[in-house]
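To start, the structure itself, in structure tokens.
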Amino acid sequence: MFDLIVKHATLPDGREGIDIAIKDGRIAAVEAGITAEAGEVIDATGRLVTPPFVDPHFHMDATLSLGLPRMNVSGTLLEGIALWGELRQIVTREELVERASRYCDLAVSQGLLAIRSHVDTTDPRLVTAEALLEVQARVKPYIDLQLVAFPQDGYFRAPDGVKALDRALDMGVNIVGGIPHFERTMDEGRASVEALCRIAADRGLPVDMHCDETDDPMSRHVETLAAQTVRFGLQGRVAGSHLTSMHSMDNYYVSKLIPLIAEAGMHVIPNPLINIMLQGRHDTYPKRRGMTRVRELMAAGINVAFGHDCVMDPWYSMGSGDMLEVGHMAIHVAQMAGVEDKRKIFDALTVNSARAMALEGYGLQKGCNADLVVLQARDPAEALRLKPVRLAVVKRGRVIARTAPRITALALEGRPVRIDGSVDHAPVR
Ligand code: FE2
């Protein structure tokens, strides 16, 4: 007797007609034709069943604050940072908790069950850290929420940057962030990478830095991050977020840099929606896309995981917590539309992100946590194309969100009566 069986699923690797049996919060069997009884059965015939979506880069302290205290008029990264600096001074813990909690509800409905959020540590009051630690505890039963101590205004540049980051780590925020390209000088940026990697080594923590989020091809802090990762023995525990300057770098230099990133076992986290929105803003025409070199990094065997970064905040007025929207944009910006390309993009929203966040028990193999999503789509390519309804979201064997399938009733002479939103060229019987 199982708790739940998901029947006749199509898996991301292409296997069809697979049953997934769940017992005591874990996946007990993954095979065709399971006949045992179960407390609940979900018929997933012809539907893609995937492990949950994972967002390795987000800002939950700023989310859903669009328009507060005013809009970003220029639409630039720098005005966004200034605007957030205004809001940060007046925001309360209660407001932060309320907005972050609302975002977590949205995430669950989208099958997004693990999120790594940066927490701005610039304001020494650290209400951001207090609020997000509270949210982390509150959502623990259904979202793995990781928190990064992020010195938004610069580790050395902000008046209390060094002390405040240390205090946030003491409070229980347990990933070390950074923003070397925003420090006053290249030298201070380099020094910040070294200091922050040293802290991570001393405290036994991972590192996830906003790194080279600029169009300046001479912003080369990723090189330092790779070197310090090796120096401090942090291989596999360090992520470089954004790395947009790589888009504009000289090809010869990149041919040296990518092997350094691979050697350091760094995870790379581009944020396609935000990169295409914010980079190249100082260009006239042609305008650069700005996203880092995804295809080349993947080809070098580097773990590339996509982040959502922002939803309705000073930097980005759009977004819906849907990682498939992120993947959809990645396909366009990276120009990765081939069959194998789309499979890799889907991995970058799921398994690669889980790896970047070092999630345990993630996947659809026997013994993994019973966390999965049933989509109104037949396969990963169709999911990326249609961003379909998440029919069921399961956490530890329990259905925590359901959405009705999208089906349109046509009133057209001689046409099928109903159209299934996942199979837009075939009628529903
Ligand atoms: Fe970010």
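Note that ligands are numbered from 1 as they come in the structure, with each ligand's atoms numbered from 1 the same way.
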*asked:* Tell me whether Arg190 is salt-bridged to Glu194, with the criterion being a basic N under 4.0 Å from an acidic carboxylate O.
replied: no
Salt-bridge present (Glu223, Arg220; N to O < 4.0 Å): no
Apex the Fe ion (ligand 1); atoms His57 NE2 and Asp309 OD1; angle rounded to 10 degrees: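 About 90°, to the nearest ten degrees.
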I need the NE2(His59)-the Fe ion (ligand 1)-NE2(His210) angle, rounded to 10 degrees.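 Once rounded, the angle between the two atoms at the Fe ion (ligand 1) is 90°.
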Tell me if the aromatic rings of His210 and His181 count as close, with their centers under 6.0 Å from one another.
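Judged by ring-centre distance (under 6.0 Å), His210 and His181 do not meet the cut-off.
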Rounded to the nearest 0.5 angstrom, the CH2-NE2 distance for Trp315 and His59 is 6.5 Å
Exercise. Would His242 count as a contact for the Fe ion (ligand 1), in the sense that one of its N, O or S atoms lies under 2.8 Å from it?
Worked result: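 His242 does not place any N, O or S atom closer than 2.8 Å to the Fe ion (ligand 1).
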